[in-house]
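In what follows, every heavy atom counts, from backbone to side chain, and hydrogens, waters and symmetry copies are set aside. Because the structure is a prediction, the values reported are computed rather than measured.
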Amino acid sequence: MVPADEGGRLMRTDLLSDPVDGLDEALAAVDAFDDALVAGLLRPQPAQTDGLAALADALGGTPLAPLVAEAADKTAAGAAGEDHFVALAAARTALMGSVHDALTARVADVTGRPAAEAPEQPADGDEPAANVLAAARAWLCDLARAGWQGLDHELVGGAAPVVSAMLPDPALRRQATLLDGFAAELAASCPGATLDRIPVRRWADLWSRALLLTLPGAARTPAGSTATGRLLPLGVDVQEHATAVQAQVHAVFEPADGTAPRLVRAAASAPKPDTVVGAGLWQLLRPRMSLLTAVSEGRAMDLDGMPVTAEGDLVWDDERARVGEPADPFATARVVLAAATDPVTAPLDRHPVRIAVPVLLEGYAAERADDGTVTFTVAGHRLAVDTDRVPDAGPLTPEAIAASGACLGLLRWDAGAFLLQPLAVETTVRKKTVAVHAGAWAGGTTDKAGVRAEKAATDAVAVLRERAGRLLRS
């Protein structure tokens with residue numbers, strides 16, 4: 001037990017390793033259905049029908065039970081229509097949502113922080129073109145019938161005209177992006193019959209989410225509001241892929257009207273060539289959000305009417321923000337974090353992978369194993385540290401984490417256990433406490449390795465721009 005009166009520290013670390021009632025059973029039902037999708041649902045075999053039955057049984061006693069039972073029976077008989085596949089996707093999503101809710105409730109017990117109130121009903125708005133959504137739904141149902149082992153380029157290519165029809169409509173951009181990325185991932189794995197390893201849960205996640213987003217009103221979100229007050233950054237989570245990069249800043253927002261502080265996020269994303277890596281990523285992101293410079297300088301930002309969603313995501317606009325006074329993230333965590341309300345999660349976003357809760361951990365013993373894995377032991381309880389998520393675009397290293405005495409990070413859940421993703425640590429250098437932040441280079445750096453990476457990125461981007469200009473001229 002960590003004392004409850006000491007800022008934002010974890011308070012009940014023993015709860016992180018305690019079993020969560022019903023969690024294993026819910027995930028087992030999800031896994032059984034996901035396995036059924038592998039071979040396809042056109043002519044289900046006995047093992048697949050067992051998976052469908054497990055999903056239906058898990059929803060027994062809920063409002064979805066009759067609908068899911070009928071869908072499972074029809075699918076087992078090889079006679080499923082679009083409505084039946086939608087019901088199965090809804091059932092799977094509901095189960096993953098229940099897992100998310102159970103885990104976030106456990107996190108709330110650990111941190112002792114209050115939860116924000118749920119938003120009102122989604123705002124009214126014009127419905128996107130129904131025919132385009134129907135086409136997307138038909139393609140996704142064809143995927144379910146073929147299964148991941150039945151993938152071929154002709155089937156996957158059926159998504160291309162649907163995505164092309166969606167992209168011009170801003171109201172369909174979310175669905176189009178998901179479909180496009182999903183189809184590209186499937187295309188890279190064709191033919192499915194030759195795959196040695198199938199990302200079963202990931203593809204089932206993407207399939208069920210995409211299918212539900214084709215329903216009328218599914219993409220609506222509660223009406224947002226505006227934020228005026230002081231933003232106190234905690235740290236930066238960098239997510240990098242071969243063709244894109246995103247930096248998500250986690251922060252505490254103190255409203256100017258004196259109401260309770262709350263946790264918020266602000267993100268900047270950019271496409272990138274695969275030659276831009278390490279500290280060079282910041283060149284792509286920096287022009288999109290002035291907050292990144294404030295983070296690297298250790299400063300707060302004053303917001304004036306910044307749009308914010310009901311889930312706590314700031315829709316960043318540089319015109320509505322100005323750099324404020326110095327603000328040390330560790331001081332923010334120790335003084336304000338414990339009283340900040342956690343944001344709510346939109347219904348379709350309720351999934352364990354979305355759990356990323358800012359926490360401050362102190363008074364632990366760090367241990368680094370021979371294989372490089374790091375573990376923190378606090379009050380006799382071990383907590384795995386996810387050093388693989390620490391970006392190369394900053395000075396934070398596994399060595400610094402293993403030598404630290406305080407860690408500001410994101411509490412996540414993966415592979416059946418809670419773990420900590422460090423955003424910053426305090427360590428001792430020459431008898432002085434020094435803070436090392438993953439986002440320290442976001443606004444620029446004098447570090448030799450960072451300078452080299454920035455120069456390489458500058459050269460790579462200049463070459464790509466020159467080639468693009470040559471193509472346009474021709």
Q: Counting C-beta onward and ignoring hydrogens, is there a side-chain heavy-atom pair between Leu186 and Leu143 closer than 4.5 Å?
A: yes
Q: Any salt bridge between Asp205 and Arg202, counting N to O under 4.0 Å?
A: no
Q: If you look only at pairs with a residue in residues 285-323, which of them pass as a ring-ring contact (aromatic ring centres under 6.0 Å, His included), with sequence neighbours excluded?
A: none
Q: Should Met166 and Leu133 count as side-chain neighbours, where that means a heavy-atom distance under 4.5 Å?
A: yes
Q: Please examine the side chains of Ser290 and Val323, heavy atoms only from C-beta on, and report whether any two atoms are closer than 4.5 Å.
A: no
Q: Given side chains that start at C-beta, do those of Val236 and Gln248 come closer than 4.5 Å, heavy atoms only?
A: no
Q: Within the structure provided, determine whether Thr375 and Val385 are in side-chain contact (heavy-atom separation under 4.5 Å).
A: no
Q: Is there side-chain contact between Thr387 and Thr373, with heavy atoms separated by less than 4.5 Å?
A: no
Q: Any salt bridge linking Arg230 with Glu325? Criterion: basic side-chain nitrogen under 4.0 Å from a carboxylate oxygen.
A: no
Q: Dump the intermediate steps for side-chain contact (heavy atoms from CB on, under 4.5 Å) on Phe330 and His437, then the final yes or no.
A: CA-CA 10 Å; Phe330 280 94; His437 298 265; 4.2 Å; yes
Q: Please walk me through it: do Thr345 and Arg350 pass side-chain contact (heavy atoms from CB on, under 4.5 Å)?
A: CA-CA 6 Å; Thr345 305; Arg350 291 164 53 244; 4.1 Å; yes
Q: Indicate the atoms forming the closest heavy-atom contact of Leu303 with Ala227, along with that distance.
A: CB-O, 3.7 Å
Q: Checking side-chain contact (heavy atoms from CB on, under 4.5 Å) for the pair Phe85/Leu41: CA distance, chi angles, key distance, verdict?
A: CA-CA 10 Å; Phe85 287 127; Leu41 299 176; 3.7 Å; yes
Q: Could you work out, with salt bridge (charged side-chain N to carboxylate O under 4.0 Å, His left out) as the rule, every residue matching Arg106, not counting sequence neighbours?
A: none
Q: Is Asp349 paired with Arg174 through a side-chain N to carboxylate O contact shorter than 4.0 Å?
A: yes
Q: Considering all heavy atoms of both residues, which atom of Leu360 and which atom of Leu337 are nearest to each other, and what is their separation?
A: N-CD2, 4.1 Å
Q: For the CG atom on Asp83, are there more than 12 heavy atoms of other groups (residues, nucleotides or ligands in this structure) within a distance under 6.0 Å?
A: no
Q: For residues Leu206 and Phe182, report the shortest heavy-atom separation together with the two atoms involved.
A: CD1-CD1, 3.7 Å
Q: Could you tell me which non-hydrogen atom of Ala393 sits nearest to which non-hydrogen atom of Gly278, and how far apart they are?
A: CB-O, 3.3 Å
Q: Near Arg145 CZ, under 6.0 Å, is it more than 12 heavy atoms from other residues, nucleotides or ligands?
A: yes
Q: About how many Å separate OG of Ser208 and CG of Asp34, when rounded to the nearest 0.5 Å?
A: 8.0 Å
Q: Between Arg113 and Asp342, does at least one N-O distance fall below 4.0 Å, as a salt bridge requires?
A: yes
Q: Should Gln246 and Glu240 count as side-chain neighbours, where that means a heavy-atom distance under 4.5 Å?
A: no
Q: Looking only at side chains, do Arg137 and Thr214 share a donor and an acceptor under 3.5 Å apart?
A: yes
Q: Is there side-chain contact between Trp441 and Leu396, with heavy atoms separated by less than 4.5 Å?
A: no
Q: Only counting residues at least two apart or in another chain, list the ones meeting salt bridge (charged side-chain N to carboxylate O under 4.0 Å, His left out) with Asp50.
A: none
Q: Testing the basics here: between Ile401 and Ala366, what is the closest heavy-atom pair and its distance to 0.1 Å?
A: O-CB, 4.2 Å
Q: Enter the distance from Leu55:CG to Leu59:CG here, rounded to the nearest 0.5 Å.
A: 6.0 Å
Q: Among all residues two or more places apart in sequence or in another chain, which pass the ring-ring contact (aromatic ring centres under 6.0 Å, His included) test with Phe376?
A: Tyr364
Q: Is the CZ atom of Arg286 crowded by more than 12 outside heavy atoms at less than 6.0 Å?
A: yes
Q: May I have all residue pairs that pass salt bridge (Lys or Arg N to Asp or Glu O under 4.0 Å) and include part of residues 19-31, sequence neighbours excluded?
A: Asp31-Arg201
Q: At what distance, to the nearest 0.5 angstrom, does CG of Asp318 lie from CZ of Arg320?
A: 12.0 Å
Q: Under 4.0 Å between a side-chain nitrogen and a carboxylate oxygen: does that hold for Arg334 and Glu426?
A: yes
Q: Taking 4.0 angstrom as the limit, do Arg382 and Glu367 come out as a salt bridge?
A: yes
Q: Can you tell which of Leu314, Val252, Asp302 makes a side-chain contact (heavy atoms from CB on, under 4.5 Å) with Leu231?
A: Leu314
Q: Taking all atoms of both residues into account, what is the closest heavy-atom pair of Ala294 and Met301, and its distance?
A: CB-CG, 3.7 Å
Q: Can you tell me how far the CG atom of Leu172 sits from the CG atom of Leu167, to the nearest 0.5 Å?
A: 9.0 Å
Q: If the condition is ring-ring contact (aromatic ring centres under 6.0 Å, His included), which residues does Trp148 pass it with, not counting sequence neighbours?
A: Trp203
Q: Is the count of non-hydrogen atoms from other residues, nucleotides or ligands lying under 6.0 Å from Arg322 atom CZ greater than 12?
A: no
Q: Test side-chain contact (heavy atoms from CB on, under 4.5 Å) on Val315 and Thr309 and set out the steps.
A: CA-CA 7 Å; Val315 184; Thr309 69; 4.2 Å; yes
